[in-house]
Structure formats: structure tokens, C-alpha cells
There are 2 protein chains.
Amino acid sequence: MAHERSLPPEVERMWGREPVSRRGPRPRLDLARIAAAAIDIADAEGLAGVSMASVAARVRVATTALYRYVGSKEELLTVMADSAVPLPPEPGDLPWRDYLALWTRGNRDILLERPWLLSAARLSPPLGPRRLLWLDRLMTALGGTGLDDGEKINVATTLTGYALTDAAVVHGVGGGDPRLEEAGVKGASDYGDVLAEVLDPETYPALSAAMRAGVLRGAVGWVDDEDFLFGLNLLLDGIEALIARRASEGRADRG
Amino acid sequence: MAHERSLPPEVERMWGREPVSRRGPRPRLDLARIAAAAIDIADAEGLAGVSMASVAARVRVATTALYRYVGSKEELLTVMADSAVPLPPEPGDLPWRDYLALWTRGNRDILLERPWLLSAARLSPPLGPRRLLWLDRLMTALGGTGLDDGEKINVATTLTGYALTDAAVVHGVGGGDPRLEEAGVKGASDYGDVLAEVLDPETYPALSAAMRAGVLRGAVGWVDDEDFLFGLNLLLDGIEALIARRASEGRADRG
DNA sequence: TAAAACTATGAACGTCATACACAGTAGCTC
DNA sequence: GAGCTACTGTGTATGACGTTCATAGTTTTA
């Protein structure tokens, strides 16, 4: 057949395209249960707590039994990272801009609720069912805008990246980063104090001035919801401009 | 003293604020040499090649000697990630928009040249001299725009995130991702084929239609420079709108 | 009933980050 | 210059981890 093509093994597995075997004892597990166990551990103890041993213990199986279902730990992480993602909101008949805002916020909230996803997130393009569902819904929501498919995908990429950035910053500065917390840096304003102390005004003129003026004092400049909306609206404004441009082009073509 | 405050140890070290000791044998190494060695290894073999043992071997020292200079491997990675960053371009008297484009592209190119930075990049806010220098230059370039310091920082965060996203996508789809390459997925169009094969048109209507139409055929929709500019201009347009708004507010206040 | 196909197990290996005790070295104090 | 002190590099040891492999056990097929 023409488009016979071997998929990466974890992709085969994520999509349940494994050849089903009839002989031998019935498997006591399946990939979904293993992933769920791993996710439970990550939720409770962070990614560091997820080892083959700990996952296996949680599903009451010898460590090496997992390798019947997963080629490597890498693969397990990939599967986890996809199945930890909830279903996307449905576009309904929301205006595209509202849906994009909802979508991006949802995307970010996933990362805030499961900070380990920030580290587990494979930087390669999405191949799992859940993440692709998010992508599909976004493209649906952009249906009437006149953007072509490539542009829609680009929009999705950009918004995903923004969600990731924002979540990383909120999580990094707002709390939870063990490296900083150890040293007593508890929030944005402490972060600012650290910078103010360390920066030489001659080589860092703008930054050190800002810090000494106390930009981050009272968490202004980061962490709160306004900052998320700040960047989001930057992007949405840009997208809106693009859509408008396409619309006028379309009119011009037809007129 | 009022603002006596203990910094995280790797920050102290990155800024050379360690107490200098006069007693005992003179150290045969310093943090910079260690970081440089680790960076060399990462450049040659990727992050996976960087172990305490390999780094130590490269500087001709016993493995455990490194712990005189670095608290943990984590710390070493943090230091590496900062000192692998080159100096930022100087704003000169470029218009802010040109400089921001230059800055963001530079930011991204760093990640393309050293893909391991994508994995090493600490998701927490920057604390190293190099990254903060980039931040400072961006704030300088935004000097005459009327944005306040918090907004400038937000702009920097957003652009940094975009650079990271783009680099990750280019690197992930364009090549270099070992997971995909193994399975013969060499570029964007193969990625599209995989998706087309896997997606059920009923649950993924928009996406599967796009794939079957061959969005990614010929790398359209990803990877090439136009796609980078696409998102970048989205952001710059948004920023421009914000600056215009601030400017008119400023006039309104005065008039 | 025998073969075949598949599953789970336990032991073993190599790698890695890290802790610790020790030996050597250079400045400081007298 | 003697001896104390603080500091540096080494070697050994440990425990965790990912992964391989041979083996024993189990269910279906012939």
C-alpha cells in the first residue's frame, strides 16, 4: 500500500494501534493504567518521584514488567504528557477571539495545575490524541476567519508557546521553584531585591534602575492575571490585524 | 545591614561573589572553566553527554573535585545555560521595532545553534549575567516608548517565550529530534503524513482535513523563516498598538 | 496433548550523582 | 622556621536508577 509508514512506537501505542495478541496470558495492565499511575505520582511528588520502580510499585507489578508496555522511560513521559491534558473547551459559537482567549488560558491552567508538565513537555510537535484535539478545536474556531490552514497552525503554535511561557514565569517567580525557595526567595518582590543587590548600574543601566525603583514590588510586573492578559491581548491584537488584512485582501480579490 | 540577604548559591557563584580564600593550595580550576568544558561536551554530544564524570575528565580532575566549585549538577546546568548565551546586540539608535526583531531573532538563534539549551533552559526567571544583559538591552531599546518598567519586562518575557517556542518547533519538526528521526520522520511533510494516517476525521474534523489537504507538504506552515516572522509580527503589532495607546494617553493627560 | 506465543519475574550490569574520610599544600601566627 | 589552620584534590563507597536477559509460568491454537 502506498502510504504504509511506520510510526514511532510511542505514537502507535498512544493511538492503540498495537497488534492485539490472542495467545498467552492476558496482560494485567494497559498503557493507560500505567500512564495514570505515573501521573498520580507526578502530581503528588513531582517528576522526580516518577521512576520505573515507583510506577511499577504503584500498579503492583515488577519494575521490568513495564517494558512490555513501554519502550523506555522517555516514551512513558511522552504518553503521560499527552494523557494528562484534559479535553479542550468546545468552540460552540463563540466569537473566535473569545474562544482563543479561553483556549489559551485553559492551556496555561493545565500547566499551572500540573507544574511537572513544564518539565515533561516534549518540545517537539504534538502527536498525542489529547493535544491534537486541542489543536483541532482551535482550527475549528478559526474556521470563518479566512486564515489558511498553515496560518491557523502557526497561531496555535504561538499561543501554546505563550501559555507555556506564562505558566513557567508564574510558577517560577510566584512560588514552587525549589531552587529559589531554598534561599528564601518567595516571590516576585524578593526576586527584585536579589537583582537590585547584584546588578552593577553601569553595565545594567536600565534593569538596575527598574529594580531600584521597585518594579516588582507588590508583584507588579508579574504573576497576576493582568500580566497574562497583557501578553495575550498583544497576540490577539496581532491576530486580529492579520484577519482583517486577509479579509480586505479577499474582498479585493473578488471585487 | 537592612538589605543583607542570602542569594542562592549558584547565583553567588555566577556573579563571582564567593568569599576569596587565601589559605591552602591555589584552586586549579574556576567555575568559568568548568562551565566552558561542560558546554563543549554539550555542543559535541548533547546534554546527555554531560555528566559530572565527563566534565571532570575534560578538565583533568577527579570527578568529585567539581563539587568544590558547584553544589550540584543542577547548579552546573544553570551556570552553563547562562554562560552559553552570547552578548546581546547593542540597541544603538535603532527604532525599537527593529531592535526587538533583532533581539528576538538573536534569542532564537542561540537556541538553534545549541539545541541542548532547549532542555537545559531553566524555566525560572533569569538570574545570570548574560541573560540579564539581554533583558537590560531590551529595556534600553524600549526607553522612549512610554511603556513602564513592568510592561517592558512583560514584553521581554513574551518575546523570549516566543523565541523558545519557535526554536523548539523548528528543531522538533525540521530535524534533530532523535525520537522522530528514528522512525523516518524527517521533516514537516512526513509529520503531516503521520497525522493524516492517524487522525479520525470524525473526532478531528478540522485537523484531519488540513492534513489531508497537505498543509505541511513542502514545509508550508512550519520551519521556514516566514513562520518565524509570522508570529513575531503578530507580537510586534500588538506591542505597537500598546505603545500607541500609551502615547495617546500621555497626550490626553497633559492636554 | 504438544507446541507456540505471550506475560511477568528476578537477578545482574553499567551509569550516575553524591557523601565522606583522607592526604597534601599554602598561608598565618608566634 | 614550627605548627596550626583552612583549604584543595583524590579514592572509595553507596544507593538509585534505567535497562537487558534468561527463565518460569500461562493461555490459546493445532
Side-chain angles (χ1 to χ4, degrees), chain A residues 9-10 12-13 16-35 37-38 41-42 45-80 116 119-120 178-179 182, chain B residues 9-10 12-13 16-35 37-38 41-42 45-80 116 119-120 178-179 182:
Chain A
E10 73 266 38
E12 297 273 6
R13 278 190 261 263
R17 295 168 124 252
E18 306 242 66
V20 189
S21 54
R22 286 258 144 260
R23 288 245 246 268
R26 226 176 258 104
R28 287 166 49 186
L29 298 169
D30 56 275
L31 185 51
R33 287 180 42 129
I34 294 175
I41 295 174
E45 315 170 29
L47 254 203
V50 178
S51 69
M52 288 301 182
S54 65
V55 174
R58 193 158 223 281
V59 291
R60 298 196 137 58
V61 145
T63 306
T64 55
L66 297 183
Y67 287 91
R68 291 273 157 209
Y69 302 88
V70 159
S72 68
K73 191 186 180 182
E74 261 290 305
E75 264 193 45
L76 175 56
L77 289 176
T78 304
V79 176
M80 280 175 71
W116 54 268
S119 321
R179 284 186 316 124
E182 265 172 33
Chain B
E10 73 265 37
E12 298 271 8
R13 277 190 263 261
R17 298 170 123 250
E18 305 242 65
V20 190
S21 54
R22 286 260 143 261
R23 290 246 247 266
R26 230 178 259 100
R28 286 166 50 186
L29 299 168
D30 55 275
L31 185 52
R33 287 179 44 129
I34 295 175
I41 296 174
E45 315 171 30
L47 252 204
V50 177
S51 68
M52 288 300 179
S54 66
V55 174
R58 194 157 221 284
V59 291
R60 298 196 139 58
V61 143
T63 306
T64 53
L66 298 183
Y67 288 92
R68 292 273 164 211
Y69 302 88
V70 159
S72 69
K73 191 185 181 185
E74 262 291 304
E75 265 192 45
L76 175 57
L77 289 175
T78 304
V79 175
M80 281 175 71
W116 55 267
S119 320
R179 285 186 315 123
E182 267 173 31

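Just so it is clear: chains get the letters A, B, ... in the order the sequence lines come, proteins before strands, and each one is counted from 1. All heavy atoms count here, side chains included; hydrogens, waters and symmetry mates do not.
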Query raised in the report: Phosphate oxygens OP1/OP2 of dA8(C): is one of them under 4.0 Å from a side-chain N or O of Tyr69(A)?
Result: yes

Query raised in the report: Which heavy atom of Arg13(A) sits nearest a heavy atom of Gly71(A), and at what distance?
Result: NH2-N, 3.4 Å

Report task. Could you work out which one of dC16(C), dT7(C), dG10(C) sits closest to the side chain of Lys73(B)? Result -> dC16(C)

Report summary line: Between CG of Leu66(B) and C1' of dA19(C) the distance, given in whole Å, is 15 Å

**Report entry** Outermost DNA chain D nucleotides near chain B [under 4.0 Å, heavy atoms]
**Finding:** dT5(D) to dT12(D)

Query raised in the report: What are the two closest heavy atoms between Lys73(B) and Ser51(B), and how far apart are they?
Result: NZ-CA, 4.3 Å

Requested in this report: Could you tell me whether the side chain of Arg58(B) reaches within less than 4.5 Å of the side chain of Ile41(B), counting heavy atoms only?
Outcome: yes

Query raised in the report: Between atom CD of Glu74(A) and atom CG of Leu77(A), what is the distance when rounded to the nearest 0.5 Å?
Result: 6.0 Å

Query raised in the report: Below 4.5 Å, heavy atoms only, C-beta onward: do Tyr69(A) and Arg33(A) meet side chain to side chain?
Result: no

Report summary line: When rounded to the nearest 0.5 Å, the distance separating CZ of Arg68(B) from CZ of Arg28(B) is 13.0 Å

Query raised in the report: So what does Ala62(A) hit on the nucleic acid, given a heavy-atom distance under 4.0 Å: a base, only sugar-phosphate, or nothing?
Result: sugar-phosphate

Report summary line: dist Ser119(A):OG -> Leu47(A):CG (nearest 0.5 Å) comes out at 5.5 Å

Report summary line: CG of Leu31(B) to CD of Glu75(B), rounded to nearest 0.5 Å, is 8.5 Å

Report summary line: Taking five pairs at each terminus, the helix from dT1(C)-dA30(D) to dC30(C)-dG1(D) shows an axis bend, to 10°, of 0°

Report task. Classify every nucleotide of nucleotides 20-30 of chain C by which part a protein heavy atom approaches to under 4.0 Å, writing B for the base, S for the sugar-phosphate alone and - for neither, in 5'-to-3' order. Result -> ----BBBBS--

Query raised in the report: Rounded to the nearest Å, what distance is computed from the OH atom of residue Tyr67(A) to the P atom of nucleotide dG10(C)?
Result: 16 Å

Query raised in the report: How far apart are the closest heavy atoms of Ala62(A) and Ala56(A), and which atoms are they?
Result: O-CB, 3.7 Å

Report summary line: Exactly one candidate in Val79(B), Val55(B), Val61(B) meets side-chain contact (heavy atoms from CB on, under 4.5 Å) with Ile34(B); the answer is Val55(B)

Query raised in the report: Minimum heavy-atom separation for Ser54(B) to Gly49(B), with atom names?
Result: OG-O, 2.8 Å

Query raised in the report: Of the nucleotides dG10(C), dT7(C), dC16(C), which one has an atom closest to the side chain of Ser51(B)?
Result: dC16(C)

